[in-house]
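Take a look at the structure set out below.
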2 protein chains.
Amino acid sequence: MGISKIDKMHSLSKNQQIIFDLINKSPEPLKAYTILFNVQKKGIKAPLQVYRALDKLVEIGKIHKIESRNAFIACHNSSCQVAKATAFSICEICEKVTEISSAGLSKYLANFKDKDGMKYSKYNLEFFGLCKKCR
Amino acid sequence: MGISKIDKMHSLSKNQQIIFDLINKSPEPLKAYTILFNVQKKGIKAPLQVYRALDKLVEIGKIHKIESRNAFIACHNSSCQVAKATAFSICEICEKVTEISSAGLSKYLANFKDKDGMKYSKYNLEFFGLCKKCR
DNA sequence: CTTATAAATGTTATATTATTACATAGTGTT
DNA sequence: AACACTATGTAATAATATAACATTTATAAG
Ligand SMILES: [Zn+2]
Ligand SMILES: [Zn+2]
Ligand SMILES: [Zn+2]
Ligand SMILES: [Zn+2]
């Protein structure tokens with residue numbers, strides 16, 4: 001059996017795969033220039049090559065950007081159907097970041113409307129506190 | 001009658017006041033170097049002077065940072081008692097940013113606990129969509 | 001008022017994060 | 001082949017943010 005349509009949609013180019021693999025196996029969010037340093041041995045030499053791959057990976061939901069940290073983490077919600085609805089917890093001591101997957105939270109936020117009745121197509125939520133270890 | 005304690009707590013230094021005034025009268029979030037450019041005539045010449053004032057203003061809740069935009073907006077929740085609980089709506093076309101003040105939302109998020117029972121001391125939420133004008 | 005302390009400022013240099021511009025190469029479709 | 005689209009390579013530069021150090025100003029205590 002060949003490559004299914006859904007696989008093709010999510011198939012990654014060479015640079016994208018290299019950079020995704022690195023992020024995916026990292027226990028912590030990675031910054032763009034940390035990524036660059038770590039993939040230079042694989043032939044990726046310039047910042048732009050990294051940023052282009054990151055942009056694409058974010059777009060297709062394989063990774064998320066932690067905005068408050070300018071860092072990138074792999075999605076662990078089965079290749080995020082919620083690329084447009086992200087929530088993270090961030091420890092302010094050890095900087096551990098965890099993707100939150102809560103049906104209640106997603107539902108609440110997806111249905112949230114402000115006073116103007118503005119409906120949102122996307123959100124990003126970052127919680128800060130102390131993780132178990134650091135408490 | 002003199003300066004009350006609460007006023008003193010929130011009293012701003014010269015640079016802080018200059019920069020707060022600029023942000024406060026701006027209809028849109030301002031970026032650090034835009035601020036720098038606009039206060040050079042008032043004697044603030046270096047990025048660090050701007051960033052120091054911004055740090056302090058964020059700390060005391062007079063302004064908030066819009067993380068996804070690297071820009072700063074004045075707090076309009078009566079000098080934010082919720083500096084640690086911020087929510088914004090952002091128009092992806094015109095980049096208009098509005099601070100959301102919803103008792104329901106604040107309450108929901110303040111009480112949110114993840115699977116680990118981690119309790120959070122702070123959060124930042126950014127909604128993205130189209131504003132009235134851009135729809 | 002004097003001394004001590006913390007907060008703020010001024011200045012230069014540098015680090016970090018991200019994009020512009022342009023040329024080239026691969027991939028899939030008709 | 002011709003076309004459109006995506007991805008890559010490379011150099012230069014723009015935009016965002018911090019380090020290090022010297023000095024000054026504000027606050028509080030004795
Ligand atoms: Zn995800
Ligand atoms: Zn921790
Ligand atoms: Zn506020
Ligand atoms: Zn708009």
Side-chain angles (χ1 to χ4, degrees), chain A residues 2-23 28-73 95 97, chain B residues 2-23 28-73 95 97:
Chain A
I3 298 170
S4 75
K5 190 170 184 190
I6 187 115
D7 284 339
K8 283 186 81 173
M9 281 174 59
H10 286 217
S11 82
L12 301 181
S13 74
K14 178 168 141 282
N15 288 0
Q16 288 159 16
Q17 189 68 57
I18 290 168
I19 287 172
F20 175 71
D21 288 344
L22 182 70
I23 296 172
E28 62 192 358
L30 295 178
K31 291 174 163 257
Y33 278 72
T34 303
I35 293 168
L36 175 58
F37 179 80
N38 280 284
V39 296
Q40 278 179 331
K41 55 197 162 225
K42 304 229 176 190
I44 295 175
K45 294 174 194 161
L48 188 49
Q49 295 175 285
V50 173
Y51 281 105
R52 282 196 286 223
L54 290 174
D55 284 351
K56 188 68 183 186
L57 291 167
V58 166
E59 184 190 326
I60 65 182
K62 299 282 286 181
I63 67 172
H64 303 302
K65 182 174 187 180
I66 310 301
E67 292 287 357
S68 67
R69 298 300 187 260
N70 298 318
F72 299 86
I73 191 176
E95 292 291 327
V97 174
Chain B
I3 298 170
S4 76
K5 190 172 183 188
I6 189 117
D7 285 340
K8 284 185 81 173
M9 282 174 58
H10 286 216
S11 82
L12 301 181
S13 74
K14 178 168 141 283
N15 288 1
Q16 288 159 16
Q17 189 69 57
I18 290 168
I19 286 172
F20 175 71
D21 288 345
L22 182 69
I23 296 172
E28 62 193 358
L30 295 178
K31 290 172 163 260
Y33 278 72
T34 303
I35 293 167
L36 176 57
F37 180 81
N38 279 283
V39 296
Q40 278 179 333
K41 55 196 162 227
K42 305 230 176 189
I44 295 175
K45 293 173 194 162
L48 190 48
Q49 294 175 287
V50 173
Y51 281 105
R52 283 197 285 224
L54 289 174
D55 284 350
K56 189 68 183 186
L57 291 168
V58 166
E59 185 190 326
I60 65 181
K62 300 282 286 183
I63 66 173
H64 303 301
K65 183 174 186 180
I66 310 301
E67 292 287 356
S68 66
R69 299 299 187 260
N70 298 318
F72 300 85
I73 191 175
E95 293 291 326
V97 174

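Note on naming: letters A, B, ... go to the chains in the order of the sequence lines (proteins, then strands), and numbering restarts at 1 for each one. Every value quoted in this text rests on a predicted model; they were computed, and no experiment measured them.
- Going from atom CD of A:Q17 over to atom P of D:dT8 covers 11 Å, rounded to whole Å.
- Separating the CG atom of A:D55 from the C1' atom of C:dT20 is a distance of 14 Å, rounded to the nearest angstrom.
- One finds the CG atom of A:L36 at 11.0 Å from the CG atom of A:L48 (value rounded to the nearest 0.5 Å).
- The NZ-C1' distance, from A:K31 to D:dA17, rounds to 10 Å in whole Å.
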Run A:L54 and A:F72 through side-chain contact (heavy atoms from CB on, under 4.5 Å) and show every step you take.
CA-CA 8 Å; A:L54 290 174; A:F72 299 86; 3.6 Å; yes
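- Considering only side-chain N and O atoms, B:K14 lies nowhere under 4.0 angstrom from the phosphate OP1 or OP2 of C:dT9.
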Using the rule given for side-chain contact (heavy atoms from CB on, under 4.5 Å), can you reason through A:E95 versus A:E28, listing the C-alpha separation, both sets of side-chain angles and the distance that settles it, and then say yes or no?
CA-CA 8 Å; A:E95 292 291 327; A:E28 62 192 358; over 6 Å; no
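- Atom P of nucleotide D:dT8 and atom CD1 of A:I18 are separated by 9 Å, given to the nearest angstrom.
- C:dT16 atom P lies 17 Å from atom CG of B:N70, rounded to whole Å.
- Judged by closest nucleotide on DNA chain C, B:L48 is the one of B:L48 and A:F72 placed further toward the 5' end.
- Contact annotation: B:S13 side-chain N/O to C:dT9 OP1/OP2 distance is under 4.0 Å.
- Closest to the side chain of B:R52, out of C:dA18, C:dG10, D:dT10, is C:dG10.
- Atom pair B:L36:CG and C:dG10:C1' shows a separation of 13 Å (rounding to whole Å applied).
- We find that the ring of A:Y33 and the base of C:dT17 stack, their centres lying under 5.5 angstrom apart and their planes tilted less than 30°.
- Each of A:A53 and B:K65 has a nearest nucleotide on DNA chain D; the 5'-most of these lies closest to A:A53.
- Listed pair B:Q49 / C:dT9 fails the phosphate criterion, with no side-chain N or O lying under 4.0 Å from OP1 or OP2.
- In this structure, the CG atom of A:N15 is 19 Å from the P atom of C:dT24, given to the nearest Å.
- At the phosphate of D:dA7, OP1 or OP2 sits under 4.0 Å from a side-chain N or O atom of A:K56.
- Here the NZ-CD1 distance, from A:K62 to A:I19, works out to 14.0 Å after rounding to the nearest 0.5 Å.
- Distance, A:K42 NZ to D:dG9 P: 14 Å, rounded to whole Å.
- With hydrogens and angles ignored, the 3.5 Å screen pairs no side-chain donor or acceptor of A:E59 with any backbone N or O of A:K56.
- For C:dA8, one of the phosphate oxygens OP1 or OP2 lies less than 4.0 angstrom from a side-chain nitrogen or oxygen of B:Q16.
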